[in-house]
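These figures come from a predicted structure and were not determined experimentally.
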Amino acid sequence: MRATRQTWVLLFCIMLSAYFAYHANYGRHGLEARARLVERAAKLELELEGLETVRARLERNVALLSDKTLEADMLDEAARAGLIFARPEEVVVLER
């Protein structure tokens with residue numbers, strides 16, 4: 001009788017340990033979920049670096065168009081590109 005009870009307790013403890021081990025690895029907050037989060041964070045870091053580069057370029061362009069440092073070439077280029085503007089003496093070449 002005593003050996004049977006000990007066997008059941010041991011079996012229960014093994015099953016309980018297996019349950020927790022499984023969920024520690026494959027559960028919602030387990031090791032695999034953490035690995036996916038780390039991978040996603042690395043991808044987002046790369047995307048953030050690219051967006052910061054684009055933002056720096058845009059801020060530089062805006063600074064060139066501000067009243068304090070208005071550059072005629074930058075303003076002329078923006079007007080021509082945005083309004084499709086050309087002077088009468090210029091030859092326009094359309095690209096396809």
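- Counting heavy atoms from C-beta on, the side chains of Arg34 and Leu37 never come closer than 4.5 Å.
- Across every non-hydrogen atom of Gly27 and Ala33, the tightest pair is O-CB, 4.1 Å.
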Identify every side-chain donor-acceptor pair in residues 5-23 under 3.5 Å, counting partners at least two apart or on other chains, and give the distances.
unit_1: Thr7; atom_1: OG1; unit_2: Ala3; atom_2: O; d: 2.7
unit_1: Ser17; atom_1: OG; unit_2: Cys13; atom_2: O; d: 2.9

From CA spacing to verdict: salt bridge (charged side-chain N to carboxylate O under 4.0 Å, His left out), Arg55, Glu59: CA-CA 6 Å; Arg55 181 179 177 170; Glu59 285 177 348; 2.9 Å; yes

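- Residue Leu46 holds its CG atom at 11.0 Å from CG of Leu51, rounded to the nearest 0.5 Å.
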